[in-house]
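Data first, discussion second: the structure below is written as structure tokens.
Just so it is clear, the model here is predicted, and its values are computed rather than measured.
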Amino acid sequence: MTVLARLQRTTAQCGVIGGALAVAFLLAPHCVAAQDAAAPTPWYTRVQLDGFAAASWSYNFNRPDSRTNTLRVFDFDDNSMKVDVLELVMQKAAVDRGSSGFRFDLVFGGSVPRVSAAAGLFRDANGVAEDFDLQQAFGRWVAPVGHGLRLDAGKFVTPFGYEVIEGYDGFNDNATRSLLFGYAIPFTHTGVRAGYDFGGRVTGTLLVVNGWDLATDNNSAKTVGGQLTVTPSDRFTCSGTFMEGAERARESHDLRHTYGVTTTCRVATCFVLGAEGVYGREVNGVVSGDAVWGGAAGYARLEVGGRASVAVRGEWFKDRDGFRTGTAQTLTEGTLTPEVRLTDQMRLRADVRLDHSDKLVFEDLRSRDTNQLTVLLSGLCIF
């Protein structure tokens with residue numbers, strides 16, 4: 001091969017290689033972009049962080065020597081300014097079929113965790129709870145069944161009741177909690193639950209759990225429950241809930257039966273009505289036989305202008321055998337709650353509340369009374 005021929009061949013090879021490199025150089029950004037577009041979003045970028053804080057001051061006109069408000073749930077300290085709760089929520093939503101997620105609710109404070117902490121987690125063997133609780137901790141998987149079957153495992157709040165424990169994603173119109181909330185129903189459960197949207201504005205939930213407010217079971221039985229919610233219109237919602245299981249320590253045969261109904265009706269944009277009814281019975285709960293309790297509550301909230309509202313609550317609770325409150329009695333209470341919304345995240349509220357019993361259960365200086373009048377000032381912040 002002549003020198004000229006070799007030179008021409010080498011030049012052609014270099015041209016081919018150079019052309020290939022040029023094409024690769026031009027296509028490289030597009031290939032990288034395609035790979036980046038196909039790369040999944042890291043899971044931690046989809047984690048949502050939220051919070052809620054509430055503080056209050058309560059004054060009891062009975063002036064009890066113990067400085068304790070009788071038969072109150074979270075507002076049990078008289079004449080004391082308190083940080084009731086600081087709630088921090090971390091969650092990854094799971095909505096689509098086949099997706100997974102989780103939720104963790106950490107709560108701190110001098111009111112809520114001391115009452116709602118579950119036995120066996122942040123409540124010791126003597127029944128004493130501290131100022132911290134893991135209120136909710138569950139994982140979720142949406143099974144590819146129908147519209148998506150939501151399966152949760154862990155610790156979660158109860159489906160019972162018109163009122164709630166949670167803060168940032170749902171808080172009550174009244175600053176104090178009702179008697180039904182505190183004495184007729186549980187706070188939390190540990191176990192598994194399944195939720196399904198049947199379509200046509202009907203949803204259902206089934207639960208298998210350790211029992212009432214138990215992170216660690218106290219007997220060999222499990223508690224089962226369920227809820228059916230119907231929303232026939234955007235203005236009206238009704239839920240029916242039941243739960244049955246043995247709840248007393250080392251007793252796995254005597255069942256506790258609890259049934260509840262809640263309704264919400266938005267009469268107008270600025271006016272909402274609500275109602276709740278609860279019935280409970282514990283087999284052999286007292287020496288004379290079965291223990292029975294039950295009650296009803298009504299709610300109303302009226303928006304006044306753009307930044308103010310007023311809410312009222314009235315309820316009746318009968319503890320026939322003293323199984324839930326420690327005294328066989330019938331209780332009533334009425335609460336008036338004006339509220340001012342300072343910003344979308346901050347609110348100020350005041351509760352004026354009167355409790356009445358047919359027995360002398362309320363402290364009144366150094367004696368007892370059938371009535372208890374309190375006022376509570378509360379501020380809350382959502383972030």
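- With rounding to the nearest 0.5 angstrom, the CZ atom of Phe52 is 10.5 Å from the CD atom of Glu166.
- Linking Ile, Leu, Val, Met, Phe, Trp and Tyr whenever their side-chain heavy atoms come within less than 4.5 Å puts Val89 and Ile382 in one cluster.
- Salt-bridge annotation for Lys318 and Asp358: absent, with no side-chain N of the basic residue lying under 4.0 Å from a carboxylate O of the acidic one.
- No donor-acceptor pair under 3.5 Å is formed between the side chain of Arg193 and the backbone N or O of Phe156.
- Counting all heavy atoms, side chain and backbone alike, Asn62 lies closest to Asp369 at ND2-CB, 4.4 Å.
- Put simply, the side chain of Ser233 gets close to the backbone of Arg235: a donor and an acceptor are under 3.5 Å apart.
- Between the Thr158 side chain and the Phe160 main chain, a donor and an acceptor come within less than 3.5 Å of each other.
- No cation-pi contact links Arg150 to Trp141, judged by a cut-off of 6.0 Å to the six-membered ring centre and 45° from its axis.
- Glu333 and Arg353 are joined by a salt bridge, as a carboxylate oxygen and a charged side-chain nitrogen come within less than 4.0 angstrom of each other.
- Heavy-atom minimum distance, Ser58 versus Asn69: OG-ND2, 3.2 Å.
- Under the 4.5 Å side-chain heavy-atom criterion for grouping Ile, Leu, Val, Met, Phe, Trp and Tyr, Phe383 is not connected to Tyr168 through any hydrophobic cluster.
- Arg313 and Glu163 are joined by a salt bridge, as a carboxylate oxygen and a charged side-chain nitrogen come within less than 4.0 angstrom of each other.
- In this structure a side-chain-to-backbone donor-acceptor pair under 3.5 Å is present from Glu315 to Leu180.
- With salt bridges taken as basic N to acidic carboxylate O contacts below 4.0 Å, none links Asp77 and Arg67.
- A donor-acceptor pair is defined here as one N or O able to donate and one able to accept, closer than 3.5 Å; no such pair exists between the side chain of Arg256 and the backbone of Met243.
- A donor-acceptor pair under 3.5 Å links the side-chain atoms of Ser99 to the main chain of Asp96, judged by distance alone.
- Pairing each heavy atom of Ala215 with each of Leu121, the nearest pair is CB-CB, 3.6 Å.
- Heavy atoms from other residues, nucleotides or ligands lying under 6.0 Å from CD of Glu130 number 12 at most.
- Atom-to-atom distance recorded for Asn60:CG and Ser80:OG is 13.0 Å, nearest 0.5 angstrom.
- Between Tyr299 and the choices Asp173, Asn174, Leu273, the side-chain contact (heavy atoms from CB on, under 4.5 Å) rule is met once, by Asn174.
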So Met90 and Val47, side chain to side chain contact (heavy atoms under 4.5 Å, CB included) or not? Walk me through it.
CA-CA 7 Å; Met90 179 173 65; Val47 173; 3.4 Å; yes
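- Among Asp133, Asp213, Asp105, the one residue that satisfies the salt bridge (charged side-chain N to carboxylate O under 4.0 Å, His left out) test with Lys155 is Asp133.
- Below 30°, between 30° and 60°, or above 60°: for Phe74 and Phe181 the angle between ring planes is above 60°, a perpendicular geometry.
- Here the shortest heavy-atom pairing between Val157 and Gln136 reads N-OE1, 3.1 Å.
- Using modelled atom types, one side-chain atom of Arg123 and one backbone atom of Val115 make a donor-acceptor pair closer than 3.5 Å.
- No donor-acceptor contact under 3.5 angstrom links the side chains of Asp75 and Thr176, judged on distance only.
- Residue Phe271 is grouped with residue Val312 when hydrophobic side chains (ILVMFWY) are merged at heavy-atom distances under 4.5 angstrom, including chains of intermediate members.
- Side-chain N/O atoms of Glu282 and Asn284 include no donor and acceptor closer than 3.5 Å.
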Can you check salt bridge (Lys or Arg N to Asp or Glu O under 4.0 Å) on Arg103 and Asp169, steps first, answer last?
CA-CA 13 Å; Arg103 174 165 176 165; Asp169 57 349; 2.8 Å; yes
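- Of the possible donor and acceptor atoms, none in the side chain of Arg46 sits under 3.5 Å from a partner among the backbone N and O of Gln91.
- Ring geometry for Trp293 against Phe323 counts as parallel: the plane angle stays under 30°, on a 0 to 90° scale with 60° as the upper cut.
- Side-chain atoms of Gln227 and Ser239 form no donor-acceptor pair, as typed in the model, at a separation below 3.5 Å.
- The aromatic rings of Tyr279 and Tyr259 lie parallel to each other, with less than 30° between the two planes, well short of the 60° mark.
- The residues Arg324 and Asp319 are annotated as not salt-bridged, no charged nitrogen and carboxylate oxygen being separated by less than 4.0 angstrom.
- Ion pairing of Arg347 with Glu339 is present here, as a side-chain N (NZ or NE/NH1/NH2) and a carboxylate O approach within less than 4.0 Å.
- The OG atom of Ser378 lies 11.5 Å from the NZ atom of Lys82; values are rounded to the nearest 0.5 Å.
- Between the side chain of Glu251 and the main chain of His253, a donor-acceptor pair closer than 3.5 Å is present.
- Closest non-hydrogen pair, Pro64 versus Asp78, comes out as CD-OD2, 3.9 Å.
- Interatomic distance, Phe362 CZ to Ser367 OG, rounded to the nearest 0.5 Å: 13.5 Å.
- Although no hydrogens or angles enter the test, the distance criterion places a donor-acceptor pair under 3.5 Å between the side chain of Thr68 and the main chain of Ser66.
- Taking the centre of each ring, Phe138 and Phe102 stay at or above the 6.0 Å mark.
- In this structure, Lys92 is not positioned above the aromatic face of Tyr44 in the sense of NZ or CZ being under 6.0 Å from the six-membered ring centre and within 45° of the axis.
- Screening Asp234, Thr229, Thr237 for a side-chain contact (heavy atoms from CB on, under 4.5 Å) with Arg201, the sole residue that qualifies is Asp234.
- The minimum heavy-atom distance between Cys265 and Phe236, with the atom names listed, is CB-CD1, 3.9 Å.
- Taking NZ of Lys359 as the reference point, atom CG of Leu331 lies at 10.0 Å (rounded to 0.5 Å).
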